[in-house]
Amino acid sequence: MARPRTRPEPPRIPDPDLPRALEPATLRRSGAFSEARIDLDPGTTDAAHSRISESVVAPASVHSIDLTGAILADVVLDAVSTAELVAREGTWRTVVVRGGRIGTLDLSRARCDGLVLDGVRVDYLTGGGATLRDVEVSGCRIGTLDLPGARVERMRFGGTSVDEMDVREWQASDVDLRGAEVLSFTDVRMLRGVTMTSDQAASQALALAASLGIDVRTGE
């Protein structure tokens, strides 16, 4: 007899496969980097369409990073602070973003399989039209989290605050919001199937009633 499925199913994320020794490297557009310790230029780094594997991006404070269309596999971004990190249409597999502050993190139309955001402050995180599988968001502070039209599977939050979350037309399964403090959702009707605490559900009751056209008033 098959065992009953546990819901929500937790993310399945292996630790990045990193070598003991890393060679220094500097990113460039369409470059290929493996087993590297990557130092970023304080200005703008153009690494669009590059391939990065089994590498660590060293702590840095930079203006912007362009990873449009880049492929990252077994990569750790360690305490990187930047006004903008653009990774549109990229592919991220087993990537850890640890610490630092990011003004805009753009994962629009990207594909992420195994993504950890650990202790990061992000003012604006957008994954519109992205496919996000096996995502762990822990100890983060996020201003706006935009996921319109995204496909999200096995995503879990822990000790994280979000000011606003846009979930319009997303497709979500096994999304665990119990560890997230979300002040508002753009469309609470799209939360069907996610897991919340009873207090979280109660806090969204008025918004849900309004979306259904229910006139809620106090007293007679």
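The analysis underlying the following values was restricted to heavy atoms, covering all of them including side chains, and did not include hydrogens, waters or symmetry mates. Note that the structure is predicted; figures quoted are calculated from it, not measured.
- Sorted by first and then second residue, the side-chain hydrogen bond (donor to acceptor under 3.5 Å, both in side chains) pairs involving residues 129-140 (not counting sequence neighbours) are Arg133-Glu153, Asp134-Arg154, Glu136-Arg156.
- Residues satisfying the salt bridge (Lys or Arg N to Asp or Glu O under 4.0 Å) test with Asp146, not counting sequence neighbours, are none.
- Under a 4.5 Å side-chain heavy-atom cut-off, the cluster of Ile, Leu, Val, Met, Phe, Trp and Tyr residues that includes Leu18 is completed by Ile13, Leu22, Val56, Val76, Val96, Val116.
- Listed by chain and number, the residues in a side chain to side chain contact (heavy atoms under 4.5 Å, CB included) with Ile71 are Arg51, Thr91, Arg93 (sequence neighbours excluded).
- Residues that satisfy the salt bridge (Lys or Arg N to Asp or Glu O under 4.0 Å) test with Asp15, not counting sequence neighbours, are absent from this structure.
- Here Leu125 contributes atom CG and Ile102 contributes atom CD1; the two are 8.0 Å apart, rounded to the nearest 0.5 Å.
- Every residue meeting the side chain to side chain contact (heavy atoms under 4.5 Å, CB included) condition with Thr195, not counting sequence neighbours, appears here in chain and number order: Pro8, Asp176, Arg178.
- Among pairs with a residue in residues 80-91, those fulfilling salt bridge (Lys or Arg N to Asp or Glu O under 4.0 Å) read Arg88-Asp106, Glu89-Arg109, at least two apart in sequence or across chains.
- Under the side-chain hydrogen bond (donor to acceptor under 3.5 Å, both in side chains) criterion, the residue pairs touching residues 112-123 are Arg101-Asp123, Arg111-Asp113, with sequence neighbours excluded.
- The closest side-chain donor-acceptor pair between Thr44 and Ser64 falls under 3.5 angstrom.
- With hydrogens and angles disregarded, a donor-acceptor distance shorter than 3.5 Å links the side chain of Gln200 to the backbone of Ala180.
- For Arg192, the salt bridge (Lys or Arg N to Asp or Glu O under 4.0 Å) test picks out no residue, with sequence neighbours left out.
- Shown here are the side chain to side chain contact (heavy atoms under 4.5 Å, CB included) partners of Thr186, two or more places apart in sequence or in another chain: Glu164, Asp166, Arg168.
- Val97 and Val86 fall into different hydrophobic clusters, where Ile, Leu, Val, Met, Phe, Trp and Tyr are joined by side-chain heavy atoms under 4.5 Å apart, directly or via other members.
- For Asp46, the salt bridge (Lys or Arg N to Asp or Glu O under 4.0 Å) test picks out Arg29, with sequence neighbours left out.
- The side chain to side chain contact (heavy atoms under 4.5 Å, CB included) check on Asp17 picks up Glu54, Asp74, with sequence neighbours excluded.
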